[in-house]
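Computation of the quantities below employed the complete heavy-atom set of this structure, encompassing side-chain atoms and omitting hydrogens, waters and symmetry-equivalent molecules. Every chain is numbered from 1, with letters handed out A, B, ... down the list of sequences.
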Protein chains: 2
Amino acid sequence: MGLTKTDLFSENQNEIATLARAIAHPARVAIIEYLLKVNTCICNAIVNELPLAQPTISQHLKELKNAGIIKGNIEGNAICYCINEPVFSKIQGLFRPILSTQNKCC
Amino acid sequence: MGLTKTDLFSENQNEIATLARAIAHPARVAIIEYLLKVNTCICNAIVNELPLAQPTISQHLKELKNAGIIKGNIEGNAICYCINEPVFSKIQGLFRPILSTQNKCC
DNA sequence: AAACTATATCGTAATATTGCAATATACATA
DNA sequence: TATGTATATTGCAATATTACGATATAGTTT
């Protein structure tokens with residue numbers, strides 16, 4: 001198997017899971033943190049910042065881009081990445097119910 | 001490979017990634033949402049609530065338990081699960097920096 | 001004790017993820 | 001046009017995840 005049965009769950013649940021998966025790797029957390037820290041579009045910098053090979057970072061960037069968390073703009077022969085503000089705000093909204101609920105049980 | 005190089009990243013980054021991974025499946029999102037909704041310890045209910053086989057749910061519960069998101073108390077021959085409040089609060093704190101930062105770029 | 005109920009574990013098949021070397025693509029500059 | 005720079009894609013090996021049938025464990029009830 002190894003195949004998540006997404007059709008058995010709500011669209012909202014799948015969306016949260018997909019976005020959580022995009023964050024579910026330390027390299028991708030590091031990329032997000034870095035982009036938030038510098039608060040600007042950066043190009044080559046990420047490859048120098050992380051201790052992983054260039055193809056590996058490119059792959060992680062692709063996943064973050066697929067999830068809509070970051071976006072890339074072509075800038076000459078380089079590509080500038082930055083946080084995709086609208087989607088990122090939406091993520092905050094999606095996670096709020098499960099990360100901000102006060103639980104009074106136990 | 002297929003082996004995340006956790007030693008190359010900070011403890012904080014790995015912690016966020018691990019917790020995100022625990023949320024990164026719609027069944028586990030559904031379990032968390034359900035526990036927050038009923039706001040009480042429940043036992044057998046989860047197996048009836050989700051459209052997956054009992055061993056599969058047991059496996060997902062184990063992962064949530066390992067991540068510290070839920071806890072289980074033995075109650076007769078049943079086991080009552082509920083949100084692990086202290087850890088859940090900690091998660092909120094861990095995610096706040098990357099999910100609450102205002103980004104002014106682009 | 002025997003039967004029932006609730007949950008966990010084992011074993012296994014299918015699929016996904018991670019990481020990187022090699023290579024390709026695309027633009028810039030000499 | 002040749003060379004350099006930046007990023008993406010391909011291909012592959014190692015490992016992880018997902019799902020579930022079969023079975024085990026543990027308490028409960030008859």
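- Side-chain N/O atoms of A:Asn44 include none lying less than 4.0 angstrom from OP1 or OP2 on D:dT5.
- In this structure, of D:dT28, D:dA8, C:dT18, it is D:dT28 that holds the atom nearest to the side chain of B:Asn77.
- For the pair A:Lys5 and A:Thr56, both in contact range of DNA chain D, the more 5′-proximal nearest nucleotide belongs to A:Thr56.
- Comparing A:Ala27 and A:Gly76 against DNA chain C, the residue whose closest nucleotide sits nearer the 5' end is A:Ala27.
- For the pair B:Ile57 CD1 and D:dT17 P, the interatomic distance rounds to 19 Å; values are reported in whole Å.
- For the pair B:His60 and D:dA19, the criterion of a side-chain N or O lying under 4.0 Å from OP1 or OP2 is met.
- In this model, the phosphate group of C:dT17 is not approached by any side-chain N or O of B:Arg21 to a distance below 4.0 Å at OP1 or OP2.
- Residues B:Leu3 and A:Ile57 are members of separate hydrophobic clusters, defined by side-chain heavy-atom contacts under 4.5 angstrom among Ile, Leu, Val, Met, Phe, Trp and Tyr.
- Between B:Tyr81 and C:dA6 there is no side-chain polar atom (N or O) within less than 4.0 angstrom of OP1 or OP2.
- Here A:Lys62 does not reach the OP1 or OP2 of D:dT7: none of its side-chain N or O atoms lies under 4.0 Å away.
- Side-chain atoms of B:Thr18 come within 3.5 Å of backbone atoms of B:Asn14 as a donor-acceptor pair (strictly under, hydrogens ignored).
- Nearest nucleotide to the B:Glu63 side chain, out of D:dT18, C:dG19, D:dG21: D:dT18.
- Rounded to whole angstrom, the span from the NZ atom of B:Lys65 across to the C1' atom of C:dA8 amounts to 8 Å.
- One can place CG of A:Leu61 at 15 Å from P of D:dA6, the figure rounded to the nearest angstrom.
- Here the side chain of B:Ala53 is nearest to one of C:dA6, D:dC20, C:dC20, namely D:dC20.
- With rounding to whole Å, A:Ile23 atom CD1 is found 17 Å from C:dT17 atom C1'.
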For this session: Test A:Lys90 against A:Glu85 for salt bridge (charged side-chain N to carboxylate O under 4.0 Å, His left out), laying out the working first.
Result: CA-CA 9 Å; A:Lys90 192 190 171 198; A:Glu85 194 49 44; over 6 Å; no
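- Here D:dT18 presents its P atom at 16 Å from CG of A:Asp7, a figure rounded to the nearest Å.
- Between the CG atom of A:Asn48 and the P atom of D:dT5 there is a distance of 13 Å, rounded to whole Å.
- If you check every strand for non-hydrogen atoms under 4.0 Å, B:Thr4 touches sugar and phosphate atoms only.
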Problem set entry | A:Phe95 and A:Ile16: CA distance, side-chain angles, deciding distance, side chain to side chain contact (heavy atoms under 4.5 Å, CB included) verdict | CA-CA 7 Å; A:Phe95 277 85; A:Ile16 292 173; 4.2 Å; yes
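- Rounded to whole Å, the distance from CD1 on B:Ile70 to P on C:dA8 is 9 Å.
- Note on B:Leu52: only backbone sugar-phosphate atoms sit closer than 4.0 angstrom, heavy atoms only; bases stay farther off.
- At the heavy-atom level, B:Glu75 lies nowhere under 4.0 Å from the strands shown.
- Of the two residues near DNA chain D, A:Ile79 and A:Leu3, the one whose nearest nucleotide lies more 5' is A:Ile79.
- Rounded to a whole Å, the CG atom of B:Leu8 is 13 Å from the C1' atom of C:dC20.
- At a cut-off of 3.5 angstrom, the base of D:dA6 holds no donor-acceptor pair with the side chain of A:Gln54.
- Between B:Arg28 and B:Glu33 there is no salt bridge, since none of the side-chain N atoms of the basic residue sits less than 4.0 Å from a carboxylate O of the acidic one.
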For this session: Test B:His60 against B:Leu64 for side chain to side chain contact (heavy atoms under 4.5 Å, CB included), laying out the working first.
Result: CA-CA 6 Å; B:His60 284 307; B:Leu64 287 171; 5.6 Å; no
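- Taking side-chain N and O atoms only, A:His25 has a distance below 4.0 Å to OP1 or OP2 of C:dG19.
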